[in-house]
Amino acid sequence: MKVVEETPYRFRVEREGSMRVPGVVFASRRLLPEDQALRQVANVATLPGIVGASYGMPDLHWGYGFPIGGVAATDIAEGGVVSPGGVGFDISCGVRLLAASVDRDELRPRLEALMDHLDRGVPRGTGRGGVWRLSGRSELEKLLHGGAAYAVEQGHGVPRDLARCEDYGAVADADVAQVSAKAMDRGQDQVGSLGSGNHFLEVQAVDEVYDEATAAAFGLRTGQVCVMIHCGSRGLGHQICTDHVRVMEKAMPRYGIQVPDRQLACAPVDSPEGRSYLGAMAAAANYGRANRQLLGQAARRAFADVLGAELDLVYDISHNLAKIEEHDGRRLCVHRKGATRALPPHHPDLPEDLAPYGQPVLIPGTMGTASYVLAGVPGGQAFHSTCHGAGRTQSRHQAARSIDGRTLRDQLQAKGIAVRGATWRGLAEETPTAYKDVDAVIEASVGAGLCRKVARLVPLGVVKG
DNA sequence: ATGTGC
């Protein structure tokens, strides 16, 4: 594998073997990942119908089949494929940011009380129930079609929330018939729950604003308290991925598709298997959005009860999704796995009030480090995409071996960050030392021309899944 | 990521 530095923030993985396009990785030298992730970038470049390049964002790291931080688009008319591995197991995993009517100085004396309230009000960990008890299978079906919009319709939020959700709170074309009974069962009682792993609800403060006008348009000001929620589609999305990978593995020989890694299982977008996955994926996307809507409501209740304060939705984005988009007159299936759509100013998909500024992009850091609010920029590199987070450098196992959960909790508390965990092991696996430096990832993303900085947020308290 | 692996 030959990797060439084209510019300070752009590396090219040369085409070789069965690669149809080159790989392009946006990163600094220091952030360029280990060979394994670059090999995955090259593997993705072999997929039928892939256009442009197999892209990697600055937080690129090894994942299931596709790398995390990967973007790949296929041309539907040219037999382009869709691959569940290009979306990931946690379909529609994403981030929601809410801004409070209080500043950090006002919160300080009540922080522990607020965290205790959130600790009780935010279900988390594997398997447990969520804050919304759905009335049976038929209501779950409505939610899979309506996403956050259905949640708001049922009184879980205000209509204004939807104007600040990507796709106004729901993606079209959810096909519930493509969601297995097993996936439905797993999803039935998890709406409004964080899950585990790197999922969290964090109380933050705006530490620095880089662009006053854009921050104001997004509803943010220096010193303001915020809530950031990072979660996905729980067991339902996971089961959908599992089910459809299995179907595609079997179908691939029929379409004459060969891939260098069986985890790249795929099928033409324009095929029964492709359409079936996309329909089920859309249902999971709506589940993820409803999940974040309900957790936002749980945060609102805690802020109202403890502080008499309100929370306005800043934005809600997904960083694990495939989307049918038009680029240069072609209909493409754009896979973003650990990558965020970042629409430029005046893009037709943006709501009018955000159009002058570009799409808000929310980047969660790690526990104890900063998070960022970014905005999309003109240029359209990697089909209008940017990074999604800090990006792991250590496996969960390595991380858990490096530090004890209680020690980590004490370290964070000593930095003034209140911690409400689920398990000690889970906390240790998420030690900030297991991740890349989020500030460096943002610097590379901006340097590569993928986005611009709007605000930097710092953690005050974390509810860890 | 995941009722955490066949």
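Naming: A, B, ... by sequence-line order, numbering from 1 per chain. Quick note: numbers below take in every heavy atom, side chains included, and nothing from hydrogens, waters or symmetry partners.
- Rounded to an integer number of Å, the gap from A/His244 NE2 to B/dT2 P is 18 Å.
- Straight-line distance from the CZ atom of A/Arg396 to the C1' atom of B/dG5: 16 Å, rounded to whole Å.
- When heavy atoms are screened at a 4.0 angstrom cut-off, A/Gln190 is found touching the sugar-phosphate backbone but no base atom.
- A side-chain hydrogen bond (donor to acceptor under 3.5 Å, both in side chains) check over residues 138-156 of chain A, counting only residues at least two apart or in different chains, returns the pairs A/Trp132-A/His156, A/Ser135-A/Glu139, A/Glu139-A/Tyr150.
- Contact annotation for A/Lys182: base contact, defined as any heavy-atom pair under 4.0 Å involving a base atom.
- Counting non-hydrogen atoms under 4.0 angstrom, A/Arg425 reaches nothing in the nucleic acid.
- Atom CZ of A/Phe89 and atom C1' of B/dG5 are 12 Å apart (whole Å).
- Atom-to-atom, CG of A/Asp243 to P of B/dT2 comes out at 16 Å; the value is rounded to the nearest Å.
- Legend: ring-ring contact (aromatic ring centres under 6.0 Å, His included) pairs involving residues 274-302 of chain A, not counting sequence neighbours, sorted by first then second residue: A/His244-A/Tyr277.
- Using a 4.0 Å heavy-atom criterion, one finds that A/Gly237 contacts no nucleic acid atom at all.
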| request: Could you walk me through whether A/Phe218 and A/Tyr315 pass the ring-ring contact (aromatic ring centres under 6.0 Å, His included) test, one step at a time? | output: CA-CA 8 Å; A/Phe218 291 180; A/Tyr315 208 62; 7.6 Å; no

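- The OH atom of A/Tyr64 sits 15 Å away from the C1' atom of B/dT4 (whole-angstrom rounding).
- Between A/Ser196 and B/dT2, a side-chain N or O to OP1/OP2 separation shorter than 4.0 Å is present.
- Rounded to an integer number of Å, the gap from A/His397 NE2 to B/dT4 P is 18 Å.
- Donor-acceptor pairing under 3.5 Å is lacking for the side chains of A/Arg275 and A/Gln178.
- The shortest non-hydrogen separation linking A/Val373 to A/Leu457 is CG2-CD1, 4.2 Å.
- Counting non-hydrogen atoms under 4.0 angstrom, A/Gly232 reaches nothing in the nucleic acid.
- Counting to the nearest Å, the P atom of B/dG5 and the NE2 atom of A/His238 are 7 Å from each other.
- Among the protein residues, A/Gly88 comes within range of no part of the nucleic acid, since none of its heavy atoms lies under 4.0 Å from any strand.
- Between the CG atom of A/Leu194 and the P atom of B/dT2 there is a distance of 10 Å, rounded to whole Å.
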